[in-house]
Amino acid sequence: MGAKSLIAASIAASCLLATCLCAACGTATPPAPSTPPAITTPPATSAAAPARTATVPPPATDPPATARARISRCPQYPAATYGIDPNRVADTGGGTQLVTVVDPSTASLAGTFTAWARRAGGCWSPVSFAGQRAEPFRAQTGYGGLRPISRRVPGDWATPTGLFPFGTTIYGNSTVSPTTRYPYHHLVCGDWWDEQPGSPAYDTFQHVPCGITPPYGDDSEALWTEIQPYQHFIDIKMPDPPDNGAGIFLHDDMPEGYTEGCVALPNAELDAVLGWLNPADAPHILIAVG
């Protein structure tokens with residue numbers, strides 16, 4: 001067989017083999033594309049059938065620091081003994097010293113006097129004075145009874161009820177001061193307390209030359225002449241206006257057993273209280289009817 005015939009025969013054989021293979025295997029069919037899995041959607045929840053979940057209350061929180069919370073944790077002081085418990089009073093002046101004077105009725109001439117100190121934690125407790133009997137003390141009050149400052153009129157001899165701050169100076173006919181915490185003014189001739197309604201200096205200490213009666217003198221007090229009751233005293237500051245509460249003091253007691261509208265204690269007890277008062281502690285006095 002010639003070369004060309006041999007090559008031609010070889011090519012024909014190769015083609016025949018390829019044809020047989022294709023017939024045996026068939027045409028390759030590409031696989032069908034895969035179908036993604038179906039997504040199952042949960043059935044809608046009916047509005048008429050809410051989910052059964054427990055109702056959880058909000059977490060408990062501490063109540064605000066109100067007066068009620070303070071009252072619950074403070075000791076209780078019986079009104080029968082102390083006249084009033086400042087731990088159960090809404091307003092005590094904002095300081096850490098308080099004096100309470102409580103008469104049993106509006107017509108009383110005397111009442112229960114207690115000095116209180118606010119301790120750590122905000123609770124009030126009675127004060128003990130060295131050398132003095134245990135509180136409460138007995139305080140003299142006005143011959144005209146007790147009445148609110150808004151209803152008081154000059155000359156009625158009534159002790160005003162309410163919450164008042166103390167003045168900033170202690171006065172006295174004694175040459176010895178009962179305290180080092182306040183300025184002390186030893187009274188001399190010409191020292192007055194202006195008690196004339198409408199006066200520009202109403203309810204204040206005034207000094208004029210000895211032997212001179214000031215224009216307000218007829219309605220005012222010549223302090224240096226009141227030897228016994230004004231051995232020592234401190235002013236109880238009245239609101240201004242009204243001009244109907246001048247010369248209301250915490251002073252020494254009166255032999256008559258009552259005052260002209262002030263609050264009075266026996267000398268030794270008064271000096272103990274005046275020595276305890278501290279202007280840095282913003283002391284107030286609460287005068288009330290039990």
* Close side-chain approach of Val101 and Ile285, heavy atoms under 4.5 Å -> yes
* To do: Drop me the distance from Ile287's CD1 to Thr141's OG1, to the nearest 0.5 angstrom.
  => 9.0 Å
* Asked: For Asp156 and Arg147, what are the C-alpha separation, side-chain angles and deciding distance, and is it a salt bridge (charged side-chain N to carboxylate O under 4.0 Å, His left out)?
  -> CA-CA 10 Å; Asp156 66 5; Arg147 64 181 60 183; 3.6 Å; yes
* **Distance-only donor-acceptor check, side chains Trp116 and Thr100, under 3.5 Å** => yes
* Does the pair His232 and Ser174 meet the rule for a side chain to side chain contact (heavy atoms under 4.5 Å, CB included), with working shown? -> CA-CA 7 Å; His232 295 126; Ser174 171; 3.5 Å; yes
* Flag yes if Ile236 and Leu265 sit in one hydrophobic cluster, no otherwise; membership is Ile, Leu, Val, Met, Phe, Trp, Tyr, and two members link when side-chain heavy atoms are under 4.5 Å apart. => yes
* Asked: Can you check whether Ala110's main-chain N or O pairs, donor with acceptor, with Arg138's side chain at less than 3.5 Å?
  -> no
* Asked: Which heavy atom of Tyr182 sits nearest a heavy atom of Pro283, and at what distance?
  -> OH-CG, 3.5 Å
* Asked: Does Trp276 offer a backbone N or O that forms a donor-acceptor pair with the side chain of Gln97 under 3.5 Å?
  -> yes
* To do: Return yes if some donor-acceptor pair links the side-chain N/O of Gln196 with the main-chain N/O of Asp218 below 3.5 Å, else return no.
  => no
* Asked: Of all heavy-atom pairs between Asp243 and Pro154, which one has the smallest distance, and what is that distance?
  -> O-CG, 4.0 Å
* **Test item: Thr169 and Phe205 side chains (from C-beta on) under 4.5 Å apart, heavy atoms** => no
* Hey, can you tell me if Phe233 and Trp193 have their rings parallel, tilted or perpendicular (30° and 60° cut-offs)? => perpendicular
* Same apolar cluster (I L V M F W Y, side chains within < 4.5 Å links), Leu163/Ile149 -> no
* Asked: Is there a side-chain contact between Tyr143 and Thr259, using heavy atoms and a 4.5 Å cut-off?
  -> no
* Asked: With the 4.5 Å side-chain cut-off for hydrophobic clustering, are Leu250 and Val99 part of the same group?
  -> yes
* Among pairs that include at least one residue of residues 262-285, which meet salt bridge (charged side-chain N to carboxylate O under 4.0 Å, His left out), considering only residues two or more places apart or in two chains? -> Arg133-Glu269
* To do: Sequence neighbours left out, what passes side chain to side chain donor-acceptor pair (under 3.5 Å) with Glu221? Give chain and number order.
  => Tyr230
* Note, Tyr184 side chain near Pro178 side chain (heavy atom, < 4.5 Å) -> yes
* Asked: Does Asp191 use its side chain to pair, donor to acceptor, with the backbone of Val188 at less than 3.5 Å?
  -> yes
* CD on Gln206 to OG on Ser220, rounded to 0.5 Å -> 9.0 Å
* Verify the ring-centre separation between Tyr171 and His186: is it less than 6.0 angstrom? => no
* Asked: What is the distance from atom NE2 of His207 to atom CH2 of Trp224, rounded to the nearest 0.5 Å?
  -> 9.0 Å
* Structure fact -> Residue set satisfying side chain to side chain donor-acceptor pair (under 3.5 Å) with Asn244, at least two apart, ordered chain then number -> none
* Might you point out which heavy atoms bring Ala139 and Val263 nearest each other, and give the distance in Å? => CB-CG1, 3.9 Å
* **Which atom of Asp253 lies closest to which atom of Ala264, heavy atoms considered** => CA-CB, 3.5 Å
* Backbone N or O of Ala246 within a donor-acceptor pair of the Tyr202 side chain at under 3.5 Å? -> yes
* Structure fact -> Taken to the nearest 0.5 Å, the spacing of Asn278 CG from Thr179 OG1 works out to 7.5 Å
* Student check: side-chain heavy atoms of Val89 and Leu98 closer than 4.5 Å -> no
* **Side-chain touch Ile212/Trp192, heavy atoms, less than 4.5 angstrom** => no
* Taking atom types as modelled, is there a side-chain donor on Thr204 or Asp194 under 3.5 Å from an acceptor on the other? -> no
* To do: To the nearest 0.5 angstrom, please state how far the NE2 atom of His251 sits from the CE atom of Met254.
  => 6.0 Å
* **Whether Arg73 side chain and Gly121 backbone form a donor-acceptor pair below 3.5 Å** => yes
* Asked: With a cut-off of 6.0 Å (strictly less than), are more than 12 heavy atoms of other residues, nucleotides or ligands near CZ of Phe129?
  -> yes
* To do: Hey, could you give me each pair passing disulfide (SG to SG under 2.5 Å) that has a residue in residues 136-234? Not counting sequence neighbours.
  => Cys189-Cys210
* To do: Let me know which of Met238, Glu195, Lys237 forms a side chain to side chain contact (heavy atoms under 4.5 Å, CB included) with Asp203.
  => Met238
* Structure fact -> Shortest non-hydrogen pair, Ile248 vs Asp235, comes out as O-OD1, 3.4 Å
* Asked: If you look only at pairs with a residue in residues 89-98, which of them pass as a salt bridge (charged side-chain N to carboxylate O under 4.0 Å, His left out), with sequence neighbours excluded?
  -> none
* Expected output: side-chain Thr159 to main-chain Gly142 donor-acceptor under 3.5 Å -> yes
* Could you pull out all residues at least two apart from Ile227 that satisfy side chain to side chain contact (heavy atoms under 4.5 Å, CB included)? => Asn173, Gln231
* Side-chain contact test, heavy atoms from C-beta onward, threshold under 4.5 Å: evaluate it for Phe166 versus His284 and give yes or no. => no
* Asked: Is there a side-chain contact between Phe137 and Pro266, using heavy atoms and a 4.5 Å cut-off?
  -> no
* To do: Write down the atom of Pro239, the atom of Phe164, and the distance for their closest heavy-atom approach.
  => CD-CE2, 3.9 Å
* To do: Please answer: with hydrophobic residues joined when any side-chain heavy atoms are less than 4.5 Å apart, are Val102 and Leu109 in the same cluster?
  => no
* Asked: Got a donor-acceptor contact below 3.5 angstrom from the Gln228 side chain to the Asp252 backbone?
  -> no
* Asked: If Ile, Leu, Val, Met, Phe, Trp and Tyr residues are connected whenever their side-chain heavy atoms lie under 4.5 Å apart, and connections chain through other members, are Phe113 and Leu286 in the same group?
  -> no
* Look up atom CH2 in Trp157 and atom OH in Tyr258, then write down how far apart they are to the nearest 0.5 Å. => 5.5 Å
